[in-house]
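Reviewing the structure listed below.
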Amino acid sequence: MKKGKMDRRMKGHQYFEFYVEFNHLDRLQFDTIRRWCYDTFGPSSEYDIWQYYPQEDRANWCWIIDEYKAKILFKSSKEYNWFQLKYT
């Protein structure tokens, strides 16, 4: 699991501040944390769908999955700090 601050190279950087990245071997851990996010912050969707929601209906987190990695994106330090308290 790799954690960090979003930058301009990353998909979603204009909406999210922090990310947690999982390689293909950590998919079960990714799913566990995604379920925790759903229970803690409410429902969300994959980034490619999330971005089409009206601004006021967007959740404070979402995820991205491709063939190499999976990421959970957090809108602000508030959500990221909750994650840090639970999983580090």
Side-chain angles (χ1 to χ4, degrees):
M1 178 171 43
K2 178 181 168 186
K3 303 174 281 185
K5 193 161 176 69
M6 299 284 285
D7 63 36
R8 296 182 139 237
R9 297 172 295 153
M10 299 173 176
K11 190 175 189 179
H13 75 275
Q14 65 270 39
Y15 303 111
F16 296 96
E17 277 190 64
F18 298 94
Y19 72 92
V20 180
E21 183 176 296
F22 306 85
N23 66 32
H24 67 283
L25 299 174
D26 295 331
R27 294 295 171 111
L28 188 56
Q29 184 182 26
F30 163 77
D31 192 57
T32 300
I33 293 173
R34 183 175 61 174
R35 290 173 188 235
W36 174 83
C37 288
Y38 186 94
D39 292 341
T40 305
F41 306 123
S44 189
S45 51
E46 195 161 358
Y47 177 77
D48 291 335
I49 298 168
W50 177 94
Q51 65 183 342
Y52 292 107
Y53 276 94
Q55 195 85 21
E56 62 275 1
D57 292 335
R58 292 178 178 168
N60 290 338
W61 71 283
C62 74
W63 66 89
I64 298 173
I65 297 177
D66 64 26
E67 61 271 11
Y68 305 108
K69 62 187 174 301
K71 282 185 181 179
I72 296 177
L73 309 178
F74 297 104
K75 191 161 195 127
S76 70
S77 59
K78 175 185 170 188
E79 294 83 16
Y80 184 69
N81 288 338
W82 276 78
F83 161 78
Q84 293 271 64
L85 285 171
K86 177 75 176 174
Y87 288 101
T88 57

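These values consider heavy atoms only, across backbone and side chains, with no hydrogens, waters or symmetry-generated copies.
In this structure, the side chain of W50 engages the main chain of A59 through a donor-acceptor pair within 3.5 Å.
Heavy-atom minimum distance, M1 versus F22: SD-CE2, 3.8 Å. Residues G12 and M6 come closest through the heavy atom pair C-CE, 3.8 Å.
W61 has its side chain within reach of Y38: a pair of non-hydrogen atoms, C-beta onward, lies under 4.5 Å apart. For the pair R58/Y15, a side-chain contact is recorded, criterion being any heavy-atom separation below 4.5 Å from C-beta on. Counting heavy atoms from C-beta outward, F41 and F74 have side chains that approach closer than 4.5 Å. Counting heavy atoms from C-beta on, the side chains of V20 and Y80 come closer than 4.5 Å. Under the 4.5 Å side-chain criterion, counting only non-hydrogen atoms from C-beta, K11 is in contact with Y47.
Two different hydrophobic clusters hold I65 and F16 under the rule that ILVMFWY side chains link at heavy-atom gaps under 4.5 Å. Note: the hydrophobic cluster containing F30 also contains W82 (ILVMFWY, side chain heavy atoms under 4.5 Å, direct or indirect links). Two different hydrophobic clusters hold I33 and Y19 under the rule that ILVMFWY side chains link at heavy-atom gaps under 4.5 Å.
The neighbour count for H24 NE2, taken as heavy atoms of other residues, nucleotides or ligands under 6.0 Å away, does not exceed 12.
For D26 and K2, the salt-bridge test fails: no basic side-chain N is under 4.0 Å from an acidic carboxylate O.
When the salt bridge (Lys or Arg N to Asp or Glu O under 4.0 Å) test is applied to D31, the partners found at least two apart in sequence or on another chain are R34, R35.
Aromatic ring centres of W36 and Y87: separated by under 6.0 Å.
Rounding to the nearest 0.5 Å places CG of N60 at 11.0 Å from CD of E17. Within the model, atoms CZ of F18 and NZ of K5 stand 4.0 Å from one another, a figure rounded to the nearest 0.5 Å.
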For Y53 and S45, what are the C-alpha separation, side-chain angles and deciding distance, and is it a side-chain contact (heavy atoms from CB on, under 4.5 Å)?
CA-CA 10 Å; Y53 276 94; S45 51; 3.7 Å; yes
Could you give me the CA-CA distance, side-chain angles and deciding distance for K3 and T88, then say whether side-chain contact (heavy atoms from CB on, under 4.5 Å) is met?
CA-CA 11 Å; K3 303 174 281 185; T88 57; 2.8 Å; yes
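Checked by atom type, the side-chain pair Q29/T32 shows no donor-acceptor distance below 3.5 Å.
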